[in-house]
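Okay, so here's the structure we're looking at.
Computed from a predicted structure; not experimentally measured.
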Amino acid sequence: MQHTSAEIEAAASALGNQLAAGIKVREAVARMAKLQPKHAELWTTAAESLSRGGRLSTQLEQVWPESVVAALRAGEESDSLHAVFKRTAESMQVKAQVKKIYSKLMSPAIAFLAGFGVFCFFMVAVIPKLQASLGGGETSMTFKLSMVMHAVVTGYWPLLLAGLGAAGFGIAQWFRQPGSIDKLVEAGDRVPRLGEALRNLYFGMWAYQMSLLDSAGLPVKQQLLLSVKTLPECYQDGVLLMADEVEKRGIADSCDPDKQPEDDARRLWPFYIVTAFVTAHETGGIDEEMKRCAPILIDEGVRKLVQFISVADVLAKALAAGMIGMPLTAYFTQLSSSLTKAFG
């Protein structure tokens, strides 16, 4: 079973701190069983393997992401495991922060659904009672729609409940399918402002991963191929193209948007990613350049995402208010009319 980002962050942070303090790898790994009792068997087995000359990366390759394991393997070769663990913890922490930001995208949807729920309640339960008390005969579109909705709900409520349950189950199953989030990101990328925010956020996380892999001493092509899975599928093409060309064209030319064909995915790369690669071509330090640009991209992405959510939230609440206002207006208008007729 794959470890969660939070579990990897906790383990990497603990291991990195222990190694930085001079504790041997085997001893540090053995202590992890107490920190993560859920995975005690894994850490105990890993410690035993290390005592026999085995490698920690081999023990973690089934439960940690491939790119992280590759960085660990390179760190074992270069005796820089403590630095790799530190970067891994930082990368996972950023990933968790970005996920929290994404959760805010649900706010407009919740506001709209709440308004729709109130609308349905009035149309199904409140307006029909007013019609009955007034003896019927109301001809407005709102009252006619209310009559239809009331008839459908009261006459077919078992089917409606079954349909809602099936729809909820289907949506939950769809989200569990591999690639479902990638499809949502691809759709979101086409939305003005939201697409730019998503690109900045995902490429910011990717930059952290590139920094981690470069700090471990891996070749640039391998860094690109290992880190590409950090990105949704709709953003992967440019990275794969660069991986194919980087050894022939060099880092700068293989990433420069102005030197790519018109339909090349690299032409849409964020400015800071391109600048980081071009600078790294001159300095030889992908690690430092990616580490420098990653927080800038994420901050910019968060800012634009918050702006988009704010606008979407206002629109959703306006739609919700409109849906709630329609039956309320019809209700009080008809009630006022009836009172006027009754009392002159």
Practice item. Check whether L218 and I286 end up in the same hydrophobic cluster, where Ile, Leu, Val, Met, Phe, Trp and Tyr are linked by side-chain heavy atoms less than 4.5 Å apart. Key: no
Review point. In terms of hydrophobic clusters joined by side-chain contacts under 4.5 Å, are W157 and L164 together?
Key: no
Check your understanding: Got a sec, which residues hit ring pair (Phe, Tyr, Trp, His ring centres under 6.0 Å) with Y202, two or more places apart in sequence or on another chain?
Key -> Y102
Review point. Hey, quick one: are L268 and I296 part of the same hydrophobic cluster, counting side-chain heavy atoms closer than 4.5 Å, chains of contacts allowed?
Key: no
Practice item. To the nearest 0.5 angstrom, please state how far the CD atom of E247 sits from the CZ atom of R249. Key: 13.5 Å
Point to revise | Within-4.5 Å side-chain heavy-atom neighbours: C120 and M149 | key: yes
Check your understanding: So do L315 and L319 actually touch side chain to side chain, heavy atoms under 4.5 Å?
Key -> no
**Study point:** NZ/NE/NH1/NH2 to OD/OE distance under 4.0 Å, K248 and E245
**Key:** no
Check your understanding: Under a single-linkage definition using a 4.5 Å side-chain heavy-atom cutoff for Ile, Leu, Val, Met, Phe, Trp and Tyr, are F271 and I298 assigned to the same hydrophobic cluster?
Key -> yes
Review point. OH of Y272: more than 12 outside heavy atoms within 6.0 angstrom?
Key: no
Review point. With a 4.5 Å heavy-atom cut-off, do R87 and K291 have their side chains touching?
Key: yes
Check your understanding: In terms of heavy-atom contacts, does CD of Q2 have more than 12 from other residues, nucleotides or ligands at under 6.0 Å?
Key -> yes
Point to revise | T230 backbone acceptor or donor facing Q209 side chain under 3.5 Å | key: no
Review point. Would K95 and E90 pass as an ion pair if we require N to O under 4.0 Å?
Key: no
Review point. Going hydrophobic residue to hydrophobic residue with side-chain gaps under 4.5 angstrom, can you get from L225 over to M290?
Key: yes
**Study point:** Presence of salt bridge, K317 and D313, under 4.0 angstrom
**Key:** yes
Check your understanding: Any side-chain heavy atom of L297 sitting closer than 4.5 Å to one from W206?
Key -> no
Practice item. Find out whether F277 and V274 are in side-chain contact, i.e. whether some heavy atom of one side chain is under 4.5 Å from a heavy atom of the other. Key: no
Review point. With sequence neighbours excluded, what pairs up with E9 under the salt bridge (Lys or Arg N to Asp or Glu O under 4.0 Å) test?
Key: none
Check your understanding: So, do V306 and R303 sit near enough that their side-chain heavy atoms are less than 4.5 Å apart?
Key -> no
Practice item. Report the C-alpha distance between L159 and Y156 in whole Å, list the side-chain angles of each, state the deciding distance to 0.1 Å, and finish with yes or no for side-chain contact (heavy atoms from CB on, under 4.5 Å). Key: CA-CA 5 Å; L159 289 177; Y156 302 97; 4.1 Å; yes
Point to revise | Heavy atoms from other residues, nucleotides or ligands near NZ of K86 exceed 12 (cutoff 6.0 Å) | key: no
Check your understanding: Below 4.5 Å, heavy atoms only, C-beta onward: do E186 and D189 meet side chain to side chain?
Key -> no
Exercise for review: Could you tell me how the ring of W64 sits relative to the ring of H3: parallel (under 30°), tilted (30 to 60°) or perpendicular (over 60°)?
Suggested key: perpendicular
Review point. Any salt bridge between E77 and R73, counting N to O under 4.0 Å?
Key: no
Point to revise | Residues S211 and D287: side-chain donor-acceptor under 3.5 angstrom | key: yes
